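Some notes on the structure that comes next.
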Amino acid sequence: GYSRRIYVRAALCENLAALIDCHERAFEWFGGLTEAILYDNPKTICLKRDFEGKDITWNPQFMDFARYYGFRANLCKPYRARTKGKVESGVKYVKANFFALYGRVFDSLEELNQKLESWALEVADERIHGTTHEKPSVRFQSERLMTLEGHAPYRIEIPLVRIIPSDCLVVFKTNRYSVPWAHVGKTASLEEYGERLKIYADGELL
């Protein structure tokens with residue numbers, strides 16, 4: 001935010017795995033990360049929020065990712081676009097400048113991302129920024145980022161879920177596992193530990 005250096009990456013989807021992958025690529029690009037990161041309110045980060053913006057239900061997987069790298073996730077206030085002005089102006093700049101220089105047709109996603117990286121380094125970071133009146137690459141030298149040392153790439157654990165059928169048998173890898181009849185119709189989560197399987201419903205180990 002201080003330097004206005006930019007990192008842009010194109011992706012084919014907006015799911016949590018893509019979001020985390022883009023985070024880690026950005027951390028590597030900048031050689032570290034900030035203590036706090038400001039977000040809008042996407043479901044990949046914020047599952048639910050009241051109109052006042054005080055009661056927040058965070059996406060637990062994303063919050064685990066934030067804790068892993070040690071940064072604080074901050075959310076923009078709903079319906080207050082000015083709280084994310086730096087990001088919005090950056091998006092407008094990408095649309096107006098990058099696509100004007102490179103066009104809108106690319107042979108592959110890889111080619112698009114290669115050109116985005118070149119543009120960020122050679123054009124975006126070297127321009128005189130309209131607000132700071134300095135080059136982002138120069139101001140970036142004063143940024144103090146948290147180190148990436150000791151952090152292997154974050155591993156996303158995708159939960160396995162099943163609806164418990166009327167015969168009380170949960171299917172996993174062609175095998176059937178019996179659970180108490182009182183849980184019929186509930187959603188069960190499955191966790192595999194080596195040769196053991198744990199089945200949960202309503203937070204209870206069945």
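Predicted model only: the values in this text are computed from it and were never measured. Note that these values count all heavy atoms, side chains included, but never hydrogens, waters or copies made by symmetry.
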Pair Arg49-Leu75, side-chain contact (heavy atoms from CB on, under 4.5 Å): steps then yes or no
CA-CA 10 Å; Arg49 191 174 189 184; Leu75 293 175; 3.2 Å; yes

In this structure, CG of Asn41 is separated from CD1 of Ile56 (nearest 0.5 Å) by 7.5 Å

Pairwise side-chain contact, Thr132 with Arg4, heavy-atom cut-off 4.5 Å (strictly under)
yes

In Å, rounded to the nearest 0.5 Å, how long is the span from CD of Glu35 to CZ of Arg72?
7.0 Å

Less than 4.5 Å apart, side chain to side chain, heavy atoms only: is that true for Asp125 and Ser3?
no

Nearest heavy-atom contact between Leu16 and Gln61 is CD2-CG, 3.3 Å

Ring pair (Phe, Tyr, Trp, His ring centres under 6.0 Å), paired with Trp119, selected from Phe99, Tyr7, Phe98, Tyr102:
Phe98

Would you call Leu116 and Arg9 a side-chain contact if the rule is heavy atoms closer than 4.5 Å?
no

How many angstroms lie between CE in Met63 and CG in Leu47, if you round to the nearest 0.5 Å?
11.0 Å

Has Arg139 got its NZ or CZ under 6.0 Å from the middle of the six-membered ring of Tyr2, at an angle within 45 degrees of the ring axis?
yes

Which atom of Leu190 lies closest to which atom of Ala188, heavy atoms considered:
CD1-O, 3.8 Å

As an exercise, state the distance from CG of Asn59 to CZ of Phe65, rounded to the nearest 0.5 Å.
12.0 Å

Are Leu145 and Trp29 in one and the same hydrophobic cluster, where Ile, Leu, Val, Met, Phe, Trp and Tyr link if side-chain heavy atoms are under 4.5 Å apart?
yes

Minimal non-hydrogen separation, Leu33 against Thr147, with atom names:
CD2-O, 4.1 Å

Give a yes or no on whether Leu38 and Val91 share a hydrophobic cluster (residues Ile, Leu, Val, Met, Phe, Trp, Tyr; joining criterion: side-chain heavy atoms under 4.5 Å apart).
no

Are Asp202 and Lys186 ion-paired here, with the side-chain N under 4.0 Å from a carboxylate O?
yes

Are the side chains of Thr44 and Phe62 in contact, using a 4.5 Å heavy-atom criterion?
no

Within-4.5 Å side-chain heavy-atom neighbours: Arg5 and Leu121
yes

Main-chain N/O of Ala10 paired to Asn113 side chain as donor or acceptor, under 3.5 Å
yes

What are the two closest non-hydrogen atoms of Ser166 and Val184, and how far apart are they?
CA-CG1, 3.8 Å

Check: Thr34 side chain, Ile37 main-chain N or O, donor-acceptor pair, under 3.5 Å:
no

Shared hydrophobic cluster, Phe106 / Leu12 (ILVMFWY, side-chain heavy atoms < 4.5 Å)
yes

Quick check: is Val94 connected to Leu101 through a chain of hydrophobic side chains (ILVMFWY, heavy atoms under 4.5 Å apart)?
yes

Pairs where residues 167-179 contributes a residue and the test side chain to side chain donor-acceptor pair (under 3.5 Å) is met, not counting sequence neighbours:
Lys173-Glu192

At what distance, to the nearest 0.5 angstrom, does CD1 of Ile163 lie from OG1 of Thr187?
3.0 Å

Is Glu88 paired with Lys92 through a side-chain N to carboxylate O contact shorter than 4.0 Å?
no

Any side-chain heavy-atom pair of Pro136 and Ile6 under 4.5 Å:
no

Please determine whether a side-chain nitrogen of the Lys or Arg among Glu191 and Lys198 lies less than 4.0 Å from a carboxylate oxygen of the Asp or Glu.
no

d(Leu109 CG, Gln114 CD) to nearest 0.5 Å is 10.0 Å

Any Leu206 side-chain heavy atom under 4.5 Å of His183 side chain:
yes

Would a single hydrophobic cluster contain both Leu112 and Val123, if residues Ile, Leu, Val, Met, Phe, Trp and Tyr are joined by side-chain heavy-atom contacts under 4.5 Å?
yes

For residues 18-28, which side-chain donor-acceptor pairs fall under 3.5 Å, sequence neighbours excluded?
unit_1, atom_1, unit_2, atom_2, d
Asp21, OD1, Arg25, NE, 3.4
Asp21, OD2, Arg25, NE, 2.9
His23, ND1, Leu19, O, 2.8
His23, NE2, Tyr39, OH, 2.7
Glu24, OE2, Tyr69, OH, 2.6
Glu24, OE2, Tyr154, N, 2.7

For the CD atom on Glu14, are there more than 12 heavy atoms of other groups (residues, nucleotides or ligands in this structure) within a distance under 6.0 Å?
no

